[in-house]
Amino acid sequence: MDSPPDHFDASGEMRDRLEKLSALRQAGVEPYPPRFSRDHTAAQVRSRVEAEGQVERVTVAGRLLAKRGSGGMTFAPLQDRSGQIQLVAQRDVVGEAAYAGFADLDRGDIVGASGPARKTRRGEPSVWLDSFRLLAKSLRPLPEKWHGLKDVETRYRQRYVDLIVNAESREVFLKRSRIISAVRRLLDADGYIEVETPTLQEIPGGGHARPFSTHHNALQHDLYLRIALELPLKRLIVGGLERVYEIGRNFRNEGIDRTHSPEFTTLECYHAFTDLSGMLDLTERIFTAAAEAAGTELEPEYEGERIDLRPPFQRRSMVDLVAEQTGRRLTGLELAGAYEELVEPGIVQPTFVTDYPVETSPLARRREDDPRFVERSELIIGGREYANAFTELTDPIDQRQRFEDQLAQKSAGFEEAHPFDEDFVRALEYGMPPSGGLGVGIDRLVMLLTGQAAIRDVILFPQLKKEQ
RNA sequence: GCCGGUGUAGCUCAGCGGUAGAGCAGCGGCCUUUUAAGCCGAUGGUCCGGGGUUCGAAUCCCCGCGCCGGCACCA
């Protein structure tokens, strides 16, 4: 029953391991037992050994990363969630049969082990086995320990291997989790409630992007995967929830590159009775909290630049920025185009770029002193957009007009113009309190705070083409 | 979609017209304090896939696929 299926045998090493598996089963050893209890993690053993010198008996469990040593003594580092601890097996202690069994273990096997713990002569905290148990036989060889796994394609396609052997990779995803937790804690403490809104939508609104489309068979209609979280959340502000946020996945059917993934995570939050400036303050607090959670202090190094995240961030008018470059005070789509081409790529330190032309922002409130612009601001760092905030448009009459303008842009050839959302207008017609809204690109934030150049390196399972 | 790079043993890589290589891992033997790496020995390959040129192709040419980078797209 353990004869190797042919797709299995790439190396011969797998054959060897399968033979060991058979031998174990014949000897009555279950190579995949259902459970095992440990009482210490690797890190706990290490700190107890440091503190107490000698620890009576501990039970640890994890993955065997190597085996070395000689003759009657074998050393084997074991890795668990907390780190590594060395196992020491001595023939004189465990007996001939058990010692041979230990020597038969392979790199990559999951093992449970018990024994007293103390340092070796070389000072390495170790568990001196009195017994061990195989918890899962590993059939595939792990990448070499010294050079590790470098091949990026394998790292993405087989993230589990990457996580086993690359501590830096584990670190990135640990930090990602901590960053998101910190953001949640901050918003929760501010009285926001976390909500979940539909991923499948009839009208993919809240942004300008090509959506993925799908079809619901029972409902017999087409649906889109959301491209933004905005419109459902604002309906909740109409509903009186006053402070809501969602951290969720967006989907955009566009090109993939170092900073764009077809599915990516954003935070959006909406707050009644505040405005753009309130949301910019919140943005600064979110970035500060995230940086602290990532342990980067407030001055991470990113792509060769030291980024200064100490608030307040600079606030600059788009019109002024473009005028500095071109000598011309532009408006409308011409302004937005010049800004994106000439100004944005050159902004390195965190900068809130404010006063977007109304044409590019169909969901933001107009400035009272100049209705050609809206109360909107994007946070730019290193030439990239990290956050987008505005004073929300709450006037249903104006909102209807904006949607109509978008329809006009669409018929003029702008594919990604914002679709008309009649129900959203209806919601505004009930009355929405004056509010501020904010969106933050979580993946990019994690990239910044973990020093990763590619969005793929902060997404556990990035989309790749089909493996042949 | 376009341009460039790249794909060789489980991993990391060399080889770039003339019998497919190294280190590590794995396998067999010896070894009771190791920290990538003890010693000896024997192994291990659809050189990404398919065509072609050539006496001979991992190597040159064509087509295709994956990955990486850039551009386009992403206001």
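Residue numbers begin at 1 in each chain, while the letters A, B, ... track the order of the sequences. Everything quoted here is computed from the prediction, not taken from an experiment. Computed over heavy atoms, backbone and side chain alike; hydrogens, waters and symmetry mates excluded.
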Trainee: Return the value, rounded to whole Å, for the distance between atom CG of Leu139(A) and atom P of C27(B).
Mentor: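 Nearest whole value for this atom pair: 13 Å.
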Trainee: Out of G26(B), G10(B), C68(B), which has the shortest distance to the side chain of Pro141(A)?
Mentor: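 Nearest listed nucleotide: G10(B).
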Trainee: Should Arg372(A) and Glu334(A) be marked as a salt bridge (charged side-chain N to carboxylate O under 4.0 Å, His left out) after you check the CA-CA gap, both sets of side-chain angles, and the distance that decides it?
Mentor: CA-CA 13 Å; Arg372(A) 296 172 302 171; Glu334(A) 200 184 5; over 6 Å; no
Trainee: Between G28(B) and A42(B), how many Å separate the two P atoms, rounded to a whole number?
Mentor: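 After rounding to an integer number of Å, I get 16 Å for this pair.
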Trainee: Searching all strands shown, indicate the nucleotide that pairs with U59(B) (Watson-Crick or G-U wobble; both distances under 3.5 Å).
Mentor: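 Partner of U59(B): none found under 3.5 Å.
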Trainee: Under a 3.5 Å limit for both distances, which nucleotide forms a Watson-Crick or G-U wobble pair with C39(B), could you say?
Mentor: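 Because both required distances fall under 3.5 Å, C39(B) counts as paired with G29(B).
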Trainee: Can you sort out the partners of Arg81(A) under side chain to side chain contact (heavy atoms under 4.5 Å, CB included), two or more places apart, ordered by chain and number?
Mentor: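 Expected list: none.
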Trainee: Test your reading of the model: is there a side-chain donor-acceptor pair from Gln84(A) to the backbone of Pro77(A), 3.5 Å cut-off?
Mentor: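 Not at all, since once roles are kept as given, no pair shorter than 3.5 Å links the two residues.
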Trainee: Can you tell me if the side-chain N/O atoms of Lys150(A) get under 4.0 Å from OP1 or OP2 in U12(B)?
Mentor: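 Answer no for this pair, as no side-chain N or O of Lys150(A) is under 4.0 Å from OP1 or OP2.
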Trainee: Starting at atom CD of Glu13(A), determine the distance to atom P of G45(B), rounded to an integer number of angstrom.
Mentor: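 For the pair Glu13(A) CD and G45(B) P, the rounded distance is 13 Å.
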Trainee: Rounded to whole angstroms, how far apart are CG on Asp151(A) and C1' on U12(B)?
Mentor: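 So the two atoms are 10 Å apart, to the nearest Å.
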Trainee: Between U34(B) and Arg68(A), counting only base atoms on the nucleotide and side-chain atoms on the residue, is there a donor-acceptor pair under 3.5 Å?
Mentor: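 Between U34(B) and Arg68(A), which were checked side chain against base, a qualifying N/O pair under 3.5 Å is present.
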Trainee: Write out a two-atom table: protein N or O, nucleotide N or O from nucleotides 21-23 of chain B, distance below 3.5 Å.
Mentor:
| from | atom 1 | to | atom 2 | distance (Å) |
| --- | --- | --- | --- | --- |
| G23(B) | N2 | Glu144(A) | OE1 | 3.1 |

Trainee: By ring pair (Phe, Tyr, Trp, His ring centres under 6.0 Å), which residues pair with Phe420(A), not counting sequence neighbours?
Mentor: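 Here the qualifying residues are Phe403(A).
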Trainee: List the steps, then state whether salt bridge (charged side-chain N to carboxylate O under 4.0 Å, His left out) holds for Lys137(A) with Glu30(A).
Mentor: CA-CA 10 Å; Lys137(A) 185 69 194 165; Glu30(A) 168 54 51; over 6 Å; no
Trainee: For U35(B) and Arg122(A) - does any side-chain N or O of the residue sit under 4.0 Å from the phosphate oxygens OP1/OP2?
Mentor: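 Looking at the OP1 and OP2 atoms of U35(B), one of them is under 4.0 Å from a side-chain N or O of Arg122(A).
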Trainee: Below the 4.0 Å mark, does U35(B) have OP1 or OP2 next to a side-chain nitrogen or oxygen of Lys145(A)?
Mentor: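 Negative; the distance criterion is not met.
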Trainee: Specify the separation, in whole Å, of atom CZ of Arg155(A) and atom P of C68(B).
Mentor: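 That distance rounds to 11 Å.
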Trainee: For Phe352(A), give me all partners under ring pair (Phe, Tyr, Trp, His ring centres under 6.0 Å), at least two apart in sequence or on another chain.
Mentor: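 Residues passing ring pair (Phe, Tyr, Trp, His ring centres under 6.0 Å) with Phe352(A): Phe313(A).
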Trainee: How many Å lie between NE2 on His208(A) and C1' on C73(B), as a whole number?
Mentor: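 Value for this atom pair: 16 Å.
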Trainee: Distance check, P atoms only: C55(B) and C16(B), in whole angstrom units.
Mentor: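 My reading of the P atoms in C55(B) and C16(B) gives 23 Å.
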Trainee: Between G69(B) and Arg456(A), is there an OP1 or OP2 to side-chain N/O distance shorter than 4.0 Å?
Mentor: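 The answer is yes; a side-chain N or O of Arg456(A) sits under 4.0 Å from OP1 or OP2.
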Trainee: Between Glu50(A) and Arg46(A), does any side-chain N to carboxylate O distance fall below 4.0 Å?
Mentor: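 Here Glu50(A) does not pair with Arg46(A) in a salt bridge, since their nearest N and O are not under 4.0 Å apart.
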Trainee: Could you check whether Asp130(A) pairs with Arg57(A) (Lys NZ or Arg NE/NH1/NH2 to Asp/Glu carboxylate O, under 4.0 Å)?
Mentor: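 Judged by the 4.0 Å cut-off on N to carboxylate O distance, Asp130(A) and Arg57(A) do form a salt bridge.
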Trainee: Does the U33(B) base have a donor-acceptor partner in the side chain of Glu124(A) within less than 3.5 Å?
Mentor: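 No.
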Trainee: Which part of the nucleic acid, if any, lies within reach of Gln86(A) when heavy atoms closer than 4.0 Å are counted: base, sugar-phosphate only, or nothing?
Mentor: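 The residue Gln86(A) makes base contact.
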Trainee: With both distances under 3.5 angstrom, what nucleotide forms a Watson-Crick or G-U wobble pair with G1(B)?
Mentor: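 In the structure as shown, G1(B) has C71(B) as its Watson-Crick or wobble partner.
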Trainee: Going by purine N1 to pyrimidine N3 plus the second Watson-Crick contact, or the G-U wobble pair, all under 3.5 Å, which nucleotide sits opposite C24(B)?
Mentor: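 Per the H-bond distance test, G10(B).
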Trainee: What is the distance, to the nearest angstrom, from the NZ atom on Lys119(A) to the P atom on U35(B)?
Mentor: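 Value for this atom pair: 17 Å.
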Trainee: Please name the nucleotide paired to G45(B) by Watson-Crick or G-U wobble geometry with both distances under 3.5 Å, or report none.
Mentor: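 Here G45(B) is not engaged in any pair, so there is no nucleotide opposite it.
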Trainee: Find the distance Lys465(A):NZ to C68(B):C1' and express it as a whole number of Å.
Mentor: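 Computing the Lys465(A):NZ to C68(B):C1' distance gives 12 Å.
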Trainee: If the condition is side chain to side chain donor-acceptor pair (under 3.5 Å), which residues does Thr259(A) pass it with, not counting sequence neighbours?
Mentor: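 Thr259(A) satisfies side chain to side chain donor-acceptor pair (under 3.5 Å) with Asp257(A) only.
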Trainee: Strictly below 4.0 Å, heavy-atom distances to any atom of RNA chain B: list the hits from residues 249-267 of chain A, or just say none.
Mentor: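 Contacting residues: Glu254(A), Gly255(A), Asp257(A), Arg258(A), His260(A).
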Trainee: Could you give the CZ-to-P distance, from Phe75(A) to C31(B), as a whole number of Å?
Mentor: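 Rounded to the whole Å, the gap is 16 Å.
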